[in-house]
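To keep things clear, I will list the structure first and then write my remarks on it.
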Protein chains: 2
Amino acid sequence: MLEERKKQILQAIIDEYISTAEPVSSGALVNRHGLNCSSATIRNEMAELEKAGYLDKPHTSSGRIPSAQGYRFYVDELVKEDDISLEEIRYITSKLETRVNAIEDLTKIATSTLSEITHYTSVAIGPQNGFQNIEEVKFVLLGTRMLMAVILTDTGIIKETIIKFDEDITEEQVNTLNFIFNNKLRGKPLEAIDKPLEEYIFSEMNYSLAVIKPVMEQFNKVVNEESKVYLEGANKSFELPEFKSLEVARNFVNLLDTKEMMLDLLNTGFAKDINVYIGDEKENKKLKDFSIVTFKHRYQNKDLGTIGIIGPKRMDYSKVISVMKYISKKLNEKESE
Amino acid sequence: MLEERKKQILQAIIDEYISTAEPVSSGALVNRHGLNCSSATIRNEMAELEKAGYLDKPHTSSGRIPSAQGYRFYVDELVKEDDISLEEIRYITSKLETRVNAIEDLTKIATSTLSEITHYTSVAIGPQNGFQNIEEVKFVLLGTRMLMAVILTDTGIIKETIIKFDEDITEEQVNTLNFIFNNKLRGKPLEAIDKPLEEYIFSEMNYSLAVIKPVMEQFNKVVNEESKVYLEGANKSFELPEFKSLEVARNFVNLLDTKEMMLDLLNTGFAKDINVYIGDEKENKKLKDFSIVTFKHRYQNKDLGTIGIIGPKRMDYSKVISVMKYISKKLNEKESE
DNA sequence: GTTTAGCAGTCAAGAGAAAAGAGTGCTAAA
DNA sequence: TTTAGCACTCTTTTCTCTTGACTGCTAAAC
């Protein structure tokens, strides 16, 4: 465990580095943070903090920058979790009070608000299919050869899809579809459509394979479809000094542009309310210079997706975590509409 | 008008610059392009082409690069419109043969194929609402207090939206909504919902303002909603040498990240099949280093949106235009499903 | 009249060298 | 345990010099 003064100094160094992006010198620390000692004392402490692995030095005669371990300690022990102003609280509240019809719109609003307040790039994905149960299925005839299938789940997420046919569909067939699908699927998880069920439905409707086959195909497609990725404020990151490096900028664009990577980053590890991954803690080389902070959008204990920030390793963790905590709480409290 | 040899030289210079991204010298031209004269002759011609405004020189003793006017001449007069291989034709054909249910999926497939073949970043937007007519409107009850409204237009685009209510909705009310909306809106343009119509509907359903008001509100929202922007291969651009400049990279991300800008760029000027905007011809400073090439996704003379490429000013116009022509033709020919 | 060889002139880019500046680490004294 | 002081280190900036790639021009050749 670190002594109190070491903690103070480590905190001051990281705070300073977060705001300046420059290696922090002993002199600067004494000047700008009210530490009651001389720069020489700081230097001694810094040397010890470096030996213990909390700090790094780009070269012999430069100031210190936080190491991965330093950031980790900062996030776990030193972060302020109420670094949010009254004005920001008001802004967030007003944004989240917007009346939405589709639940995904609320995720989008939360994501863009998060980016606006933190000035970092934010991302979101919808809930994973595996955790949703089917509440109702409805088939609607559009024209004569087209059906829309609507699936309502217990999270409030509504999935719809179009199915086209080579022959006309009768109202009676639509009714049968509605009856069978609701009977068999209500209350089941979204991924419930397995082989036995498929065979049952086939046998029930065997009078018209031309109808049931496209339906099953499209249904399977919707159920297995991966979630959408929402992105907000990608350009904000390009104002950061670290983006002067071509490699950093390229890795960033690469990350954001690869959907599978984004899904992977946002979909793992939710031991805590707020999850922080510093640098390549996630075993992804492209993340070397970035950190990711995520939380689950929950409402009445139901999972409505994941919202996160992707920013530089030296991101303002206190601000990000405070704002996320607040947004998360507000989303969870939001009254049903 | 330019003499034949000047044209040849200009073409050679631009081709060379497109592939190397380096200023082109008189010597390089003689070596790599079979021109039957010495470098001194080329130098004389180059000097004249520069005087006429087709070429620029970064500094006194450097090779030449094309000017905006040079690119314009190249695109208008020198471009090869069949710069596409058999293999590419096969690949495009197989991609576009994918059976899709929602028409937007076809736009997405075309957009990603375009990016794959050209190795540039491609973008697409859906059709503007103003050009679509309503073919059918359908309200579907989901649960007891939620409706889904489905609007089918004559382009085959299907728009759906959720409407939530504070009180239960009866089947009878749904029927009335279906009857009134279809009666009044069938065949009308999507933007047909004006004040008189709104008042008519209100009076027809005045027995329950709590029902009709949310419906009208949401309907208006859908109809006035701006189109989605699809993006493919943003990271491909970051491999280009011009992206070593921070300013270029930043402008690019800024463009892509600003939806209004993208809509604006893709939504104007369709005098020709394929439209080319070189640099800031579109009066947008951020476009200074980029060119945009677009075409309308048309099917049976109906507008299904716009697809485009955004790349460096020195993009391979011949390839891009050839591939676009082919994709455009294939999309238009695609048989109805 | 057009083309070409030849050469002087220009400029960018790269390689050192030198100087300036920012910080550290260590020592010895407080 | 803290601090002043100073030597030392390493980056950054600035200059200068050199190299090399081109051009433009002139005068001769075709």
Side-chain angles (χ1 to χ4, degrees), chain A residues 2-10 12-17 19-67 70 241-242 244-246, chain B residues 2-10 12-17 19-67 70 241-242 244-246:
Chain A
L2 289 180
E3 308 129 49
E4 199 49 44
R5 193 174 65 180
K6 282 220 176 57
K7 273 194 205 173
Q8 261 181 46
I9 291 175
L10 183 56
I13 292 173
I14 300 187
D15 282 343
E16 184 74 13
Y17 186 65
S19 74
T20 64
E22 296 288 333
V24 182
S25 73
S26 55
L29 222 47
V30 177
N31 289 334
R32 281 200 279 273
H33 300 255
L35 297 165
N36 282 323
C37 56
S38 76
S39 65
T41 312
I42 301 286
R43 276 201 291 285
N44 291 333
E45 295 282 45
M46 276 175 155
E48 285 177 47
L49 280 166
E50 187 184 347
K51 206 169 289 170
Y54 295 99
L55 295 176
D56 276 339
K57 228 183 348 187
H59 56 89
T60 342
S61 69
S62 79
R64 302 302 206 294
I65 61 174
S67 68
E242 18 280 271
K244 285 191 180 122
S245 148
L246 182 63
Chain B
L2 288 179
E3 307 129 50
E4 198 49 43
R5 193 173 65 179
K6 282 220 175 58
K7 275 196 206 172
Q8 260 181 46
I9 292 175
L10 183 57
I13 291 173
I14 300 187
D15 283 343
E16 184 75 14
Y17 186 64
S19 75
T20 64
E22 297 288 334
V24 182
S25 72
S26 54
L29 265 198
V30 177
N31 289 334
R32 280 199 280 272
H33 299 255
L35 297 164
N36 282 323
C37 56
S38 76
S39 66
T41 312
I42 301 285
R43 277 201 292 285
N44 292 333
E45 295 282 45
M46 276 175 154
E48 285 178 47
L49 280 166
E50 188 184 346
K51 206 169 289 171
Y54 295 99
L55 295 176
D56 275 339
K57 226 180 354 184
H59 56 88
T60 339
S61 69
S62 78
R64 301 303 205 295
I65 60 173
S67 68
E242 18 280 271
K244 284 191 181 123
S245 148
L246 182 63

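Note on naming: letters A, B, ... go to the chains in the order of the sequence lines (proteins, then strands), and numbering restarts at 1 for each one.
For Glu22(A), there are no salt bridge (charged side-chain N to carboxylate O under 4.0 Å, His left out) partners, not counting sequence neighbours. With sequence neighbours excluded, the residues forming a salt bridge (charged side-chain N to carboxylate O under 4.0 Å, His left out) with Glu48(B) are Lys6(B), listed by chain and number. For Ala47(A), the side chain to side chain contact (heavy atoms under 4.5 Å, CB included) test picks out Arg64(A), with sequence neighbours left out. Annotation: salt bridge (charged side-chain N to carboxylate O under 4.0 Å, His left out) contacts of Lys244(A) (sequence neighbours excluded): none. Thr60(A) is linked by a side chain to side chain contact (heavy atoms under 4.5 Å, CB included) to nothing, counting only residues two or more places apart in sequence or in another chain.
Rounded to a whole Å, the CG atom of Leu29(A) is 14 Å from the P atom of dT3(D). Going from atom CG of Asp56(B) over to atom C1' of dT23(D) covers 16 Å, rounded to whole Å. Per the geometry, CD belonging to Glu45(A) stands 11 Å off P belonging to dT3(D), to the nearest Å. One interatomic measurement links the two molecules: CD of Glu16(B) to P of dC22(D), which rounds to 11 Å at whole-angstrom precision. Between the P atom of dT1(D) and the CZ atom of Arg5(A) lies a distance of 10 Å, rounded to the nearest Å. Rounded to whole Å, atom P of dA13(C) lies 10 Å from atom CD of Glu22(B). Computed from coordinates, the His59(B) NE2 to dC22(D) C1' distance equals 8 Å when rounded to whole Å. Distance, Glu48(B) CD to dT2(C) C1': 12 Å, rounded to whole Å.
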Next on the checklist: Using a 4.0 Å heavy-atom cut-off to protein, can you give one letter per nucleotide of nucleotides 14-30 of chain C, 5' to 3': B if the base is in contact, S if only the sugar-phosphate is, - if neither?
Outcome noted: --------BBBB-----
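Each end of the helix from dG1(C)-dC30(D) to dA30(C)-dT1(D) yields a helix axis from five base pairs, and these two axes differ in direction by 20° (to the nearest 10 degrees).
Between Leu49(B) and Leu2(B), the closest side-chain pair of non-hydrogen atoms falls below 4.5 Å.
Put simply, OG1 on Thr41(B) and CG on Leu29(B) are 12.0 Å apart, with the number rounded to the nearest 0.5 Å.
Under the ring-ring contact (aromatic ring centres under 6.0 Å, His included) criterion, the residue pairs touching residues 34-62 of chain A are Tyr54(A)-Phe73(A), with sequence neighbours excluded. Sorted by first and then second residue, the side-chain hydrogen bond (donor to acceptor under 3.5 Å, both in side chains) pairs involving residues 24-36 of chain A (not counting sequence neighbours) are Glu16(A)-Arg32(A), Glu16(A)-His33(A), Ser26(A)-Arg43(A).
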